[in-house]
Amino acid sequence: MPELIPVPAGPLVDVPWLAAHAGDPRVRVVDCRWYLSGRRGADEYARGHIPGAVHLDVDADLSGPAQAGPGRHPLPDAAAFALVLARIGVGPGSLVVAYDDAGGAIAARLWWMLRYFGHGGGRVLDGGLGAWTAAGHPLSTEVTAIAPAPVMELASGGAPVVDKAAVDRLRRDPAAVILDARARERYEGQSEPVDARPGHIPGARSAPFAENLRAPGGAFRERTELERRYRDLGAFEASTVVCYCGSGVTACHDLLALATLGREDAILYEGSWSDWARDAALPAATGPEP
């Protein structure tokens with residue numbers, strides 16, 4: 001994409017940068033709040049959002065039909081996502097800044113999808129909505145009116161994905177590392193609120209996305225701390241790194257963390273545990289890592 005706007009290197013932007021550039025028509029701010037159960041992101045958006053932001057929903061906008069692909073949140077096709085971007089005024093030269101109230105756990109899905117469909121302008125607001133309000137910036141309850149943009153020609157493949165057959169092979173490969181971004185209690189099989197059975201992919205390492213953050217829902221840890229974390233997980237020595245979660249959403253947070261560290265070739269298991277768990281022929285492990 002043409003570099004029209006001075007942007008800090010890497011996939012994150014901070015609150016001072018967004019406050020200085022949110023009024024630029026080339027910047028599109030996207031509220032990605034979404035919840036597994038209970039609250040609705042659209043309702044939270046209506047109660048207050050970063051001024052000028054539009055809302056995109058994981059189910060309606062950042063996923064294809066559940067029956068059309070693996071897991072609970074399969075990727076949409078390129079044409080469908082192009083229509084979503086056009087609706088919110090995103091063109092080839094747009095810079096799309098995604099945020100949420102979960103430390104980027106949901107916003108990272110939009111950042112990753114932009115990469116996957118060949119648009120290099122995705123960024124995530126470090127610290128999200130909490131960092132914005134903590135800095136004293138106001139929220140708005142006005143629904144942002146956006147003129148649609150021409151529909152872009154998108155193509156998939158700008159970021160790597162794998163299916164369950166590939167993961168089943170890679171879990172046996174000593175040169176590969178598979179990272180599970182879910183909370184440890186789900187990894188260990190202590191609880192499973194939504195998917196077909198508890199546990200994790202045998203051989204996968206527990207890498208909860210929340211441990212990328214300084215505090216729950218907060219900003220990313222300092223680079224040296226993130227480096228230490230992923231080095232301990234084996235992500236820098238492995239020839240192949242695959243990230244998964246429940247349905248391919250919060251796994252993107254681990255992919256985002258790795259990208260900030262220069263490991264941009266890490267792979268998303270699209271269907272994630274929701275895909276793996278429903279296949280009774282595939283094994284599941286429980287308990288902590290050996």
Side-chain angles (χ1 to χ4, degrees), residues 63-64 66 68-75 105 108-109 112-113 115-116 156-212 226-290:
S63 304
R72 288 181 279 111
H73 291 116
L75 296 170
R109 168 81 170 198
W112 185 89
M113 285 179 61
R115 287 184 64 215
Y116 178 71
S156 61
V161 297
V162 286
D163 61 13
K164 63 185 178 183
V167 174
D168 196 29
R169 291 192 302 272
L170 287 166
R171 72 183 181 87
R172 311 164 201 266
D173 183 348
V177 167
I178 300 175
L179 302 180
D180 186 323
R182 298 173 300 161
R184 289 188 189 277
E185 58 267 23
R186 288 185 71 188
Y187 171 91
E188 294 179 1
Q190 298 176 27
S191 68
E192 182 44 66
V194 64
D195 290 320
R197 52 183 167 147
H200 60 267
I201 296 170
R205 302 180 186 184
S206 180
F209 78 84
E211 294 181 15
N212 293 325
L226 277 181
E227 284 181 343
R228 186 180 310 115
R229 179 180 194 222
Y230 283 96
R231 193 170 303 284
D232 290 345
L233 287 164
F236 295 129
E237 296 177 359
S239 61
T240 304
V241 178
V242 176
C243 298
Y244 78 94
C245 57
S247 63
V249 177
T250 60
C252 295
H253 199 271
D254 279 1
L255 294 169
L256 175 62
L258 285 163
T260 68
L261 300 173
R263 183 89 206 227
E264 297 184 344
D265 61 343
I267 304 167
L268 176 69
Y269 172 19
E270 178 185 354
S272 284
W273 184 247
S274 61
D275 177 50
W276 187 278
R278 69 174 58 156
D279 187 341
L282 293 171
T286 56
E289 293 180 59

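Nearest heavy atom pair, residue Ile267 against residue Thr240, reads CD1-CG2, 3.7 Å. The shortest non-hydrogen separation linking Ala266 to Pro160 is O-CG, 3.6 Å. Residues Ser274 and Gly271 share a closest heavy-atom pair of OG-O, 2.9 Å. Nearest approach of Arg109 to Ser63, heavy atoms of both residues: NH2-OG, 3.5 Å. The two residues Leu75 and Met113 come nearest to each other via the heavy atoms CD2-CG, 4.2 Å. Residues Tyr269 and Trp276 approach most closely at OH-N, 3.4 Å, considering heavy atoms.
Side chains of Asp195 and Arg72 form a contact here, defined as non-hydrogen atoms less than 4.5 Å apart. Between Arg184 and Glu211, the closest side-chain pair of non-hydrogen atoms falls below 4.5 Å.
Between atom NZ of residue Lys164 and atom CG of residue Leu282 there is a gap of 6.0 Å, rounded to the nearest 0.5 Å.
Under the ring-ring contact (aromatic ring centres under 6.0 Å, His included) criterion, Tyr116 pairs with Trp112, sequence neighbours left out. With sequence neighbours excluded, no residue forms a side-chain hydrogen bond (donor to acceptor under 3.5 Å, both in side chains) with Thr260. Not a single side-chain hydrogen bond (donor to acceptor under 3.5 Å, both in side chains) links Arg115 to another residue, sequence neighbours left out. Contacts of Glu270 classified as side-chain hydrogen bond (donor to acceptor under 3.5 Å, both in side chains), with partners at least two apart in sequence or in another chain: none.
Side-chain N or O atoms of Thr286 include none that pairs as donor or acceptor with a backbone N or O of Gly189 at under 3.5 Å. Glu192 contributes a side-chain N or O that, together with a main-chain N or O of Val194, makes up a donor-acceptor pair within less than 3.5 Å.
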task: Might you work through the salt bridge (charged side-chain N to carboxylate O under 4.0 Å, His left out) test for Arg171 and Asp173, ending with a clear yes or no?
output: CA-CA 6 Å; Arg171 72 183 181 87; Asp173 183 348; over 6 Å; no

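The ring pair (Phe, Tyr, Trp, His ring centres under 6.0 Å) analysis of residues 156-190, with sequence neighbours excluded, yields the pairs Tyr187-His200.
The cationic group of Arg186 does not satisfy the cation-pi geometry with Trp273, failing either the under 6.0 Å distance to the six-membered ring centre or the 45° limit from the ring axis.
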Atom pairs and distances, side-chain donor-acceptor, residues 243-258, under 3.5 Å, sequence neighbours left out:
residue, atom, partner, partner atom, Å
Tyr244, OH, Asp180, OD2, 2.6
Tyr244, OH, Ile201, N, 3.0
Ser247, OG, His73, ND1, 2.7
His253, ND1, Asn212, ND2, 3.0
His253, NE2, Gly103, O, 2.8
Asp254, OD1, Asn212, ND2, 3.0
Asp254, OD1, Tyr230, OH, 3.0

